[in-house]
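Here's the structure, in structure tokens; my notes come after.
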Amino acid sequence: VRLLLQEPFAAITAQAAAARAQISYVYAHNILTALERDGFVGRLSAKSGFLPINPVHLLREWITRAESTPLEPMAYYAPDTSIAALRAAEEARRSSGIKGIFTLASAILPSEIHATALPHALYVSGDYDAIVTALRLRRTTPHNFLVLRAAPTDETAAGGVYYASRELPWGRGVAVPQLAVDFARLGGRGREQSAALVEYYASSLLPRPSHG
Amino acid sequence: MDDSTEFDIVLDELRQLLSSASAVGLDVLLIGGQVLAVLMKKRHGSGEVAFETSTGVRLSRGYTLEPDLLIEISDDETEHSRLDSFPDILRQCGFKRIREARWAKDTKGTKVLLDLFAPDTTPDDVKPTSMTSLYRSELAQRRPQLVSLQLPAGELQVRIPNALGFLALKTDAKMRIRPKETKDSFDAYIYVAVIGVDDVAQALAGGGTSGSLVAKELFQLFASRSSAGVKDVVAQAHVFGEESQLLLSQSVVDLFESLREKINALQAPEP
């Protein structure tokens, strides 16, 4: 689904999807044909690649299904969540060799912000002591910084949470569709922010006006 | 731009709009979540809604950047001509209608969004522009409070509902309009926590049958840790971990139990 949403105008075959997501051909084919049965993707012929019929509908369906699995974070209080603090955390992450990527409020650009007081978050794999030290994280409320573990199958750049990441001024953040899903799973005002990101994603698909 | 700066820009736009509306004799009431932000700014100098519960859980609701405005419309037809000027006032203040009852203005690097409401008793042909009909508007308008805030460019004078009016809109929103949403319970809880049970109890106990009804709705929503309103507060507050959630839930239940006791004491017959 992440592959389809990232390049919604490029048809992808089950074989190509399997190679890019590093999964078996059979598994990729089963997923794509299930999406086809449900009306989310289509293809011109049985041998051509799959295309989302409506990428926004596909993203909303992903969000709806993901909402039933709320985030289960390690929750902390960070005394400073400024851009400078996030940048310092990113530097600590890279220099310590920690695999991680920002999400929630840490992965949103100022122009995309719709709701305030939403927590920051980082997906990490393995130990993250350097992040705790860099951000001076404490196990108290308010829980404004969450540490998340992706499902083992999603801990990859091959179609997982690290796929199509965005370089933000302070570090690396998840792609917009993943961000919308994560905000929806957060619940509360996260759902409002998720809906705004879906609108943002939809507008990014519109053709840009040409000049000259 | 940080949230505090953006909130101040929104308040200044609100100041200019309400001043222009007042100049032609139009009464406008601020309703919804921004009431909390205005009260926090009045009391603490910051519009950020943040506090610590009785059980030591710290919460932050952040800022509310989108004013909801209830345009007060009387049955007197001679006053309706004044209403017709309201869309012009919005346009003169730089706002454009972007959909249905929503107006927007791009200013100082931010977008100010307004949502317009009218009493549900107002016929559509009397409304000067699209406005969402608001059930229980009569309670919101019954005894409004005037709040004055000194802003850098001048004084904002804004009318807000009293405790009965604010809570009546919130319980109606939760129990009738959007029962699956969590924000209305959260706002009702924060309002009682911030204003204090004494003042809220006074307003509800003195509100006649409407006050009793709203109190009953609050006690239904916040009766126990498993009640819908209490669960909503935990979800909306983004508090994680069993212990923290338990502490927050208990403080919510304790607050409304305390409110119940205050109301009962106020309504008890003199010995």
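Note on naming: letters A, B, ... go to the chains in the order of the sequence lines (proteins, then strands), and numbering restarts at 1 for each one. These numbers come from a predicted model, not from an experiment.
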Give, as side chain, backbone, both or neither, the part of B/Glu66 having an atom under 4.5 angstrom from any heavy atom of chain A.
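Side chain of B/Glu66 only, per the 4.5 Å heavy-atom cut-off to chain A.
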Could you tell me which portion of B/Leu248 (side chain, backbone, both or neither) has an atom closer than 4.5 angstrom to a non-hydrogen atom of chain A?
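Neither part.
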Atom [atom1] of [X] with >12 non-hydrogen neighbours under 6.0 angstrom:
{"X": "A/Glu36", "atom1": "CD", "value": "yes"}
{"X": "A/Lys99", "atom1": "NZ", "value": "yes"}
{"X": "B/His44", "atom1": "NE2", "value": "yes"}
{"X": "B/Glu52", "atom1": "CD", "value": "yes"}

Please find the pair of heavy atoms, one from A/Thr141 and one from B/Arg58, that lie closest to each other, and give the distance.
O-NH2, 2.6 Å
Out of curiosity, B/Thr64 OG1 to A/Arg189 CZ, how far, rounded to the nearest 0.5 Å?
5.5 Å
Under the side-chain hydrogen bond (donor to acceptor under 3.5 Å, both in side chains) test, which residues partner A/Glu155, sequence neighbours left out?
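A/Glu155 satisfies side-chain hydrogen bond (donor to acceptor under 3.5 Å, both in side chains) with A/Ser125 only.
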Contact check, side chains of A/Glu192 and B/Lys183, non-hydrogen atoms, under 4.5 Å
yes
Please flag which part of A/Leu146 lies under 4.5 Å from any non-hydrogen atom of chain B: side chain, backbone, both or neither.
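Answer is side chain: those atoms of A/Leu146 sit under 4.5 Å from chain B.
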Close approach to chain A in residues 232-246 of chain B, criterion heavy atom under 4.5 Å
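Hits under 4.5 Å: B/Ala235, B/Gln236, B/His238, B/Val239, B/Phe240, B/Ser244.
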For B/Tyr63, does its backbone N or O pair with a side-chain atom of A/Thr116 as donor and acceptor, under 3.5 Å?
yes
